[in-house]
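Below is one structure, written out as C-alpha cells; comments come after it.
Lettering follows sequence order; numbering is per chain, from 1.
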Protein chains: 2
Amino acid sequence: MSATESPSPSAHATASATAPGVARRLLALNLVRLRAQRGWSQEALAHESGLHRTFIAHVERQVRNASIDNVERLANALGVSVAVMFQPPPDPPAG
Amino acid sequence: MSATESPSPSAHATASATAPGVARRLLALNLVRLRAQRGWSQEALAHESGLHRTFIAHVERQVRNASIDNVERLANALGVSVAVMFQPPPDPPAG
DNA sequence: TTGTAGACTAGCGTCGACA
DNA sequence: CTGTCGACGCTAGTCTACA
C-alpha cells in the first residue's frame, strides 16, 4: 500500500463535487415519490419498513439524517434497490 | 390522501427483497475499490472526506453503519455520486 | 393522514494509543 | 499504512401526545 506515491489530492473540498445535502434531499424525494406510487401512508411505510411513523415523517421532511441500515430497510419496504433511493428523479413533468 | 384504498401490503417482510446488510457491504466494497483506484490511503480519504481515520477503517470493515450525510461525504471525496456507492460491483475477474 | 415537540435509549463518530 | 480497543459527546431512532 504505497499511498505515498499519491500526490496532494487537492485540499479537502472539491467544488466540482456534489453539493452537501443532496443525499438527504434525493432520499426524501424518492421516498415520497415511491410511497405515493404504492398509495401507502407514512404509517403503512413505517409498518413495512419496521420503523416508526415519526421517523418516516422526519426523513421525508429532511429534518433527519437516516443511517444506511435504515435507508436499506426503506428501499426494501418499497421493493427497490438502495441505489435508486439516491438516484436523480426519473424525469421532470413534461406536461 | 386515501391510503385506505391500499390493501394489505404483504405483511412486513418481503423475502424476495434485498438481503439485510447489502448496503453496508456494497458501501465497504465500493469504498475500498474506489479508494484503491485513487491510490489513496485510509488516512488520505479520511482527510479528503473530512472524517476520522478510524471511522473509515470501520466502514471498510463493515463494523460501522454510517449515516447518509457521511456516505455522501465519502462519495464526494471520491468524486463519485452517492448512488454509485451502493451500486453492485462492475464485474468479477474473468481471467 | 401528516407535522411537530419532548424525553429517553442506543449507537454513531471523534480522539488517542497500541500492535 | 491498517486494525482495534476505551472513553466520550452528539444525534439518530423510538414512543406518546397534540394540532
Side-chain angles (χ1 to χ4, degrees), chain A residues 1-9 12 20-21 23-78 82 85-86, chain B residues 1-9 12 20-21 23-25 27-78 82 85:
Chain A
M1 301 66 173
S2 312
T4 49
E5 310 213 7
S6 192
S8 49
H12 74 287
R24 263 175 286 177
R25 187 162 313 219
L26 256 36
L27 177 62
L29 260 45
N30 286 317
L31 199 57
V32 176
R33 177 171 296 129
L34 264 28
R35 184 172 63 82
Q37 288 183 1
R38 271 77 178 171
W40 295 353
S41 60
Q42 290 185 348
E43 187 181 343
L45 179 57
H47 181 72
E48 286 294 298
S49 58
L51 297 170
H52 205 267
R53 210 212 92 223
T54 56
F55 179 62
I56 308 282
H58 284 147
V59 173
E60 290 193 357
R61 297 294 293 179
Q62 307 176 36
V63 298
R64 221 61 167 184
N65 187 18
S67 63
I68 297 179
D69 202 57
N70 286 335
V71 172
E72 178 180 17
R73 200 171 298 194
L74 258 19
N76 194 322
L78 290 167
V82 194
M85 297 299 285
F86 299 104
Chain B
M1 296 64 175
S2 314
T4 49
E5 309 215 9
S6 192
S8 47
H12 74 285
R24 265 174 286 179
R25 186 161 312 209
L27 177 63
L29 260 44
N30 285 317
L31 199 57
V32 176
R33 178 172 297 129
L34 265 28
R35 184 171 65 82
Q37 289 182 359
R38 271 75 176 172
W40 295 353
S41 60
Q42 290 185 348
E43 187 181 343
L45 179 58
H47 181 69
E48 286 294 297
S49 57
L51 297 171
H52 203 266
R53 212 210 94 226
T54 57
F55 178 62
I56 307 283
H58 284 147
V59 173
E60 291 194 358
R61 298 292 292 178
Q62 307 176 36
V63 297
R64 221 61 163 182
N65 187 18
S67 62
I68 297 179
D69 202 57
N70 285 337
V71 173
E72 179 181 19
R73 199 172 298 193
L74 257 20
N76 195 323
L78 291 167
V82 194
M85 298 299 285

Would B:L45 and B:L31 count as a side chain to side chain contact (heavy atoms under 4.5 Å, CB included) if you check the C-alpha gap in whole Å, the side-chain angles of each, and the deciding distance to 0.1 Å? CA-CA 10 Å; B:L45 179 58; B:L31 199 57; 4.0 Å; yes

Round to a whole Å and report the spacing from CD of B:E60 to P of D:dC1. 14 Å

Given D:dC1, is OP1 or OP2 found less than 4.0 Å from the side-chain N or O atoms of B:R35? no

So, applying salt bridge (Lys or Arg N to Asp or Glu O under 4.0 Å) with A:E60, which one of A:R24, A:R25, A:R35 is it? A:R35

Give the rounded distance in Å between these two atoms: NE2 of A:H58 and C1' of D:dC15. 12 Å

Check whether any side-chain heavy atom of B:V71 lies under 4.5 Å from a side-chain heavy atom of A:F86, and answer yes or no. no

What integer distance in Å separates B:E43:CD from C:dG16:C1'? 14 Å

Report the distance from atom CD1 of A:I68 to atom C1' of D:dG13, rounded to the nearest whole Å. 16 Å

Over how many whole Å does the gap from B:N65 atom CG to C:dG11 atom C1' extend? 9 Å

Let me know the distance between CG of B:L31 and P of D:dT2, rounded to the nearest Å. 11 Å

Identify whether any heavy atom of A:R53 sits under 4.0 Å from a base atom; if not, whether one sits that close to sugar-phosphate; answer base, sugar-phosphate or nothing. base

OP1 or OP2 of C:dG13 less than 4.0 angstrom from a side-chain nitrogen or oxygen of B:S67, does that happen here? yes

I'd like to know if the side chain of B:N65 and the backbone of A:D69 have a donor-acceptor N/O pair within less than 3.5 Å. yes

Under 4.0 Å from OP1 or OP2 of D:dG13: is there any side-chain N or O of A:N70 that close? yes

A:R64 side chain N/O closer than 4.0 Å to the phosphate oxygens (OP1, OP2) of D:dG13? no

In whole angstroms, the gap separating P of C:dG3 from CD of A:Q62 amounts to 12 Å

Could you tell me whether A:E48 and A:R38 make a salt bridge, using a distance below 4.0 angstrom between a side-chain N and a carboxylate O? no

Among C:dT1, C:dG13, C:dG3, the one nearest any side-chain atom of A:S41 is C:dT1

Where the side chain of A:H52 is concerned, which of D:dG3, C:dC12, D:dT16 is the nearest nucleotide? D:dT16

Provide, to the nearest angstrom, the distance between the CZ atom belonging to A:R24 and the P atom belonging to D:dT11. 12 Å

Among C:dG13, D:dT14, D:dA12, the one nearest any side-chain atom of B:F55 is C:dG13

Hey, which sits more toward the 5' end of DNA chain D by its nearest nucleotide, A:V63 or B:T54? B:T54

